Amino acid sequence: MVTRTVDLRSDTVSKPTEAMRAAMANAEVDDDVLGHDPSALRLETEMAKIMGKEAALFVPSGTMSNLISVLVHCNIRGSEVILGNKSHIHIYENGGISTIGGVHPRTVKNNEDGTMDIDLIEAAIRDPRGEIVYPTTRLICLENSQGSCGGRCLSVEYTDRVGELAKKHGLKLHIDGARIFNASVALGVPVSRLVQDADSVSVCLSKGLGAPVGSVIVGSKSFVAKARILRKTLGGGMRQVGVLCAAALVAVQENVSKLEDDHKKAKMLAEGLNQIKGLRVNVAAVETKIIYIDVVEGAAEKLCKNLEQHGILIMQESPISIRVVLHHQISTSDVQYTLSCFQQALTGAVKEDNGI
Amino acid sequence: MVARTVDLRSDTVTKPTEAMRAAMANAEVDDDVLSHDPSALRLETEMAKVTGKEAALFVPSGTMGNLVSVLVHCNIRGSEVILGNNCHIHIFENGGISTIGGVHPRTVKNNDDGTMDIDLIEAAIRDPRGEIVFPTTRLICLENTQANCGGRCLSAEYTDKVGELAKKHGLKLHIDGARIFNASIALGVPVHRLLQAADSASVCLSKGLGAPVGSVIVGSKSFIAKARILRKTLGGGMRQVGILCAADLVALHENVLKLEDDHKKAKMLAEGLNQIKGLRLNVAAVETNIIFFDIVEGAKITAEKLCKNLEHHGILVMQESPVRIRVVLHHQISESDVQYALSCFKQALSGRVQEENGN
C-alpha cells in the first residue's frame, strides 16, 4: 500500500514537464540526417555558446557522447586514454571504448574528491621511446562532477592544471561533463570557464536538467564534424529529432537555476541521514546532489527493500552502501518523508539489535 | 520563387502528423534504462506480435538496428557475414560492422530484383576446414525491400530458401526489413510470414510509416536481451524514450494502410517519367515506393543539372550518379504533387531535347 513514490535512484528518472511536453508537441522538425533539423540546430547552437566551444552535436545518451568523443580523439589504432579508475566511462559504459572502439584504457586512482593526482597522471603517460611495446597515449579524460566519488566538483584550477599537462605532452583533454552544470552551480563558476581547457565535453540534458532524452557533445568545428559521422556509424543519426531537442532546450533554459535547490535538499537529506543510528554519511563531501550512505554491515539490501515498500526508491551500491540522487521533482516534503522512512526502517532494526 | 515543395529525396523526410504530436505530448514515460518505459514496452510488444517474433527492441535508427543485429549474431571475433554487394548495410552504414564491430563482410552480387543467387550465397560460405586462413561465416543478411535495386520485394519463398540454406550450414539469418511493410503490402503477404525464416529483423518506423524517429529490432528473447546491452554500449540507451515510441505506435496503427497508395503514386510517377523524352526507367521494376531512372545518353543534361533545375521549382530528388536519379514516394506526397513533379520534369527536359533537335 504505497501512497507516494520518492524516486531517488537517479536524476535520470525525471519526467518531462508540461512546458517540455508542449515544446515537443509543437517542435519545428526536419530530417536531421539528410539536412539539419531546425530544433536540433537551435539546441546545438545554444549549447556551443553556453559551453564556450565552436560547435555542438546532440546524441541519444551520455554513453554515446563519451564513446564518440574518445573514439574521435583516438581515431588511430593503438591509442590509449588516461582516465579515473572510478570514472563512469571505465565502470559503467560496458567497456565500449575498447570493445567497440579498440582504445586501450590506462586508469589512475580517483581520490575521494574526484581528482587524480597530477603526478600520477603524468606518470601514466606512455613514453614514446617505448612505442615498440606501448600503445600511444592520446587523451586524458576527467569527469566533473565525479559521480562515483559522490558528485564531487573539480575546481577550475585543477582542470586548468590537467589541461596544461595535456598540452605539454601533446594530448587532448575530454571532460565527461554529464553533470557539469551541477559543478558550475556548486562552485559558482560559469560552465564555459570550467571547461575552458577541454578539447571536448559531453553534457547530459537528461539528468539534473530533466530532459527526457539526450546529451550534447561540444568541441571544435572539425571535432564535431567527425563526431557527426561517428554518431551516424554507431546508429545515433535520428531523423526528426527536434522533438527531443525542443524538450532539451526547455531543460537548459528553465532548469539550471533549480540545481541549487537540489544541492540544498541533498545537504538537508545528508545531514538528516547522518544523524540516524546505523547510517554514516560524510556530509562535508556532499557538494552537489549525490549522497553515498554507509549502512551497518550486510543491511543495505534489507534496507532498500524496506524503503521500497514505503515508496522510497534508492540504488544499492554494495552490501554496505547505498546511493541517493536528488533532482528537481523531489520536493522538500519528499525529503522529510524519506528521512522518516529511513528512521523507521532503522529504528526497528536498532531495536532488534538491542534485543527488544 | 518556390511556390511549393515536393520532397522526394526519401521516405524519411515525413513530418510527424497531428495524431503523432498529440501522442508524443501525452506519452506515458519512465526511465527505460533503469526500468522499462511503458510506451516503449507497448511498442516493442506490438512489434514482436506483428513480426511473429518473441521480443523486440526500440533503437534510434535503422543503422543501429542492423549494427546491433550483426554484432550480436557475430559476437565471436573472427566472424564473417554474407550480404548483398548493393545492400544498405554494405554501402550506406559507414562500414560500421567492420570499423566498429570487427566483423568481416563477404558480398554476393545482388540481382536486379534484389535477390542473390542461392548457389552463389552457398559458394560464399567459408569451408570450416580452411579455418586456419578463413574467417568463420556466422550470418547471412537479406534486405527486403531491397532499396538500391529499386525497392524490390523478396518473396516469402525466396526468403524461406535462404533460411533453409542458413540452417543447413548452421548460420543465422538477419533481414534488414527497413521497408518490410512496403514488401508486405506489395506482395499481399503478412510481415510475420515474410520474416518467418529470419532469426532477427530490423524494421524502420521512420521511413514509409512516417514516425519521426526510430527502428525496432525483433528476434528471440535471448537475442533481444543481448541486443539491449549492445544498444547501451553503442550509446542507444535513451531514458524517457516513450515520447518517440508513442509516435511510432501511431505510425504503426495508422500508416501501414497508406503504403498501398504510395505504391500507386510511384507507379503513376514512373509511367509518367518513362514517357518523357530523355528519361528511361524500367516501370515493371517499380514494385513499391522507390524509383530509379536514368538520363538517356544524348539528352544533353546531366543528373546534377536536372536536380538543380528541379530544385528551383521545389522538387527535391536524390542524385545517385552523373546519369541516375532516385525518387521515393511517401504518404505526405499527394497525387497533385506527383502531377506537379511530372510537369516540372517535362519542362526541365523538353528544353533540352528541343535544343538537341537544333531549335
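Naming: A, B, ... by sequence-line order, numbering from 1 per chain. Here the structure is a predicted model, which is why all the values come from computation and not from measurement.
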Part of B:M20 lying under 4.5 Å from any heavy atom of chain A: neither
Whether over 12 other heavy atoms sit under 6.0 Å from A:Q253 CD: yes
Flag side-chain contact, heavy atom, 4.5 Å: A:V33 against B:T12: no
Under 4.5 Å from a heavy atom of chain A, the part of B:L67 involved: side chain
Taking every non-hydrogen atom, the tightest pair across A:S61 and B:G236: OG-N, 4.3 Å
Per-residue contact mode, B:I100 against chain A (heavy atom under 4.5 angstrom): both
Partner chain B: residue of A:A247, A:A27, A:G237 with the largest heavy-atom pair count (under 4.5 Å): A:A27
Interface moiety of A:A211 toward chain B, non-hydrogen atoms closer than 4.5 Å: backbone
Top contributor to chain A contacts, counting heavy-atom pairs under 4.5 Å, from B:D7, B:L34, B:V59, B:V68: B:L34
Listed partners of A:R21 passing side chain to side chain donor-acceptor pair (under 3.5 Å), at least two apart: none
B:D31 CG to A:K15 NZ distance, which is reported to the nearest 0.5 Å: 9.5 Å
Note, B:V29 side chain near A:P212 side chain (heavy atom, < 4.5 Å): no
Between B:R239 and A:S206: side-chain donor-acceptor atoms closer than 3.5 Å: no
Residue, of A:N94, A:T63, A:V213, that accumulates the most heavy atom pairs under 4.5 Å with chain B: A:N94
Contacting region of B:S215 [heavy-atom separation from chain A under 4.5 Å]: neither
For the student: nearest non-hydrogen atoms of B:M318 and A:L34, plus distance: CE-CD2, 3.9 Å
A:S65, part contacting chain B, at a heavy-atom distance under 4.5 Å: neither
Chain B interface, residue from A:M64, A:M24, A:Q240 that has the most non-hydrogen pairs under 4.5 Å: A:Q240
Interface moiety of A:I229 toward chain B, non-hydrogen atoms closer than 4.5 Å: both
Contact class of A:I68 relative to chain B, heavy atoms under 4.5 angstrom: neither
Separation of A:E28 CD from B:K15 NZ (nearest 0.5 Å): 8.0 Å
Structural part of A:N26 lying under 4.5 Å from a heavy atom of chain B: backbone
Check: A:T233 side chain, B:G96 main-chain N or O, donor-acceptor pair, under 3.5 Å: no
A:V243, part contacting chain B, at a heavy-atom distance under 4.5 Å: side chain
Largest heavy-atom contact set with chain A, pairs under 4.5 Å, which of B:T14, B:D30, B:T99, B:N94: B:N94
Close side-chain approach of B:V33 to A:T12, heavy-atom, < 4.5 Å: no
